Number of protein chains: 2
Amino acid sequence: METTPVSSTLAEAAAARLRSEIVSGELPSGARLAEAVVAQRLGVSRVPVREALVLLEREGLVEFTATGRACVKALSPRDFEEIFVLRLALEPVAARLAAPTLKSDMARLEDNLAATREARSLREVTTLDLEFHEIIIAASANSRLLRLWCSLRSELELWLGGLQRSKQIQTSATQPETVASHEEIVRGFRTGTPADCERLMRRHILGWREWLPTPEEMEP
Amino acid sequence: METTPVSSTLAEAAAARLRSEIVSGELPSGARLAEAVVAQRLGVSRVPVREALVLLEREGLVEFTATGRACVKALSPRDFEEIFVLRLALEPVAARLAAPTLKSDMARLEDNLAATREARSLREVTTLDLEFHEIIIAASANSRLLRLWCSLRSELELWLGGLQRSKQIQTSATQPETVASHEEIVRGFRTGTPADCERLMRRHILGWREWLPTPEEMEP
DNA sequence: TATACTGAAACGGTATACCGAAATGGAGAC
DNA sequence: GTCTCCATTTCGGTATACCGTTTCAGTATA
């Protein structure tokens, strides 16, 4: 859950740094990522950079041209829809599987909810929202699902970051909705059945999809 | 769908070859994959081998020890359950999304079904079954889903290969079941609604889970 | 002015070399 | 005989070097 900036290998460190620069918008969509340039900027050689780029490509943040050139991926509304479909298919199931585990240990979920109530910036709300979902997915105890989520989360951060920068969503609208919806889900874990949790998560994600615009274009 | 043994880069070629050796059982679970050894065997240097190993790790066929040593992953019944959960969550949705597309172009699906009817070996049935599912997933037009499937498929091939080698499933039992179930699904695409297809696929995967044993142990 | 050509620079793919850490096997002590 | 410890070897992480290809700018030509 932690952002683990600590990495044993230079490649992971480079990937972490590039990931952060991409989702934060420092590296805008479409930016070229020449191995030598990135290597020099990060103060390492090309090999770990190369590995980092491969990692980020699998994560969906980087894409390679036909000739092997890497650049920051530009997410389209179509990409967003793909991610939405996967979330809708997976997260309700994750909630159901996580229900027994979470019922007996809701501390992290409640901490997250409390923090979300007091969040003041859109950035905070977004981060806490993603963490909320990650807690549930991690509790579903499916390593493949968690790995997939980490990839989707990066792409979501990239997408949502773009929306924020272009001022297409506001804190005032999303924060109360998020809190209310999360409260409902926490209540579900506390008093409901696994099937209830599944239903609530499904509704939550469908609702989340509704709040968000799907602009035909967004600029960094 | 094709096994694309052609690769532009040595790393991909090495990954393809290693993948084939792993799922075929030539490289048994737990086998050490020392970079230098693999590199010499494949006639390339360590760099592409290294990249191939990272790729295969993401694919779930290779795992790294804490000290960075690579070895062929040993799938456990627990891993199999994780894969099952993901298939059950994703493939019915894929079938629903693929329904409109497939209704107007069922050639590949029917070819596959015909081939499955005439399959004689368990290996053939397994391969055709996985291809059947891949056709549907590809038709759902979700690139992330397809990528995930490719990874799950590799792991399934590894798992099923292990079962075959230890003679824990027989052609006689699985082939008629597979054909019948696939026929039903094809009928669903032809005459049913997308929701019907989703239901049928869900039943198919639940049934598939039932046929298979989940041994506590299997040996290469 | 627009377009085709050409040569230099940039870039990615790969091989090799070096280094530090980890694993392994054998010698010595108990 | 067994356990421990140390030295040798193996191995992975990283940097650097080389080569073929792709880009791109500058120039010449229609």
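Small disclaimer: the values here were computed from a predicted structure and weren't measured. Chain A is the first sequence line, chain B the second, and so forth, proteins listed ahead of strands; every chain is numbered from 1.
The aromatic rings of A/H133 and A/H182 sit perpendicular to each other, their planes meeting at more than 60°, with 30° as the lower class boundary. Classified by interplanar angle (parallel below 30°, tilted 30° to 60°, perpendicular above 60°), the ring pair A/F80/A/W159 is parallel.
By the 6.0 Å contact criterion, CZ on B/R78 is open, its count of non-hydrogen atoms from other residues, nucleotides or ligands being 12 or less. The neighbour count for B/Q40 CD, taken as heavy atoms of other residues, nucleotides or ligands under 6.0 Å away, does not exceed 12. The local environment of CD in B/E110 is crowded, with over 12 non-hydrogen atoms from other residues, nucleotides or ligands closer than 6.0 Å.
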Open item on the list: Between B/S76 and B/D79, does the side-chain hydrogen bond (donor to acceptor under 3.5 Å, both in side chains) criterion hold? Intermediate values first, please.
Closed with: CA-CA 5 Å; B/S76 66; B/D79 289 305; 3.0 Å; yes
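Under the 4.0 Å criterion applied to side-chain N and carboxylate O atoms, B/E21 and B/R41 are assigned as salt-bridge partners.
When the P atom of C/dC11 is taken as reference, atom CG of A/L53 falls 13 Å away, rounded to whole Å. Separating the CZ atom of A/R41 from the P atom of C/dC11 is a distance of 14 Å, rounded to the nearest angstrom.
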Are any protein N/O atoms closer than 3.5 Å to N/O atoms in nucleotides 14-16 of chain D? If there are, list each pair with its distance.
{"from": "D/dT14", "atom 1": "OP1", "to": "A/L10", "atom 2": "N", "distance (Å)": "2.6"}
{"from": "D/dT14", "atom 1": "OP2", "to": "A/T9", "atom 2": "OG1", "distance (Å)": "2.9"}
{"from": "D/dT14", "atom 1": "OP2", "to": "A/L10", "atom 2": "N", "distance (Å)": "3.4"}
{"from": "D/dA15", "atom 1": "OP2", "to": "A/S45", "atom 2": "N", "distance (Å)": "2.8"}
{"from": "D/dA15", "atom 1": "OP2", "to": "A/S45", "atom 2": "OG", "distance (Å)": "2.8"}

Could you run down the sub-3.5 Å N/O contacts of the protein with nucleotides 9-11 of chain D?
none

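Taking the side chain as every heavy atom from C-beta outward, A/L160 and A/L212 approach each other to under 4.5 Å.
For the OP1/OP2 pair of D/dT23 and a distance below 4.0 Å, the side-chain nitrogens and oxygens of A/T67 include at least one atom meeting the criterion.
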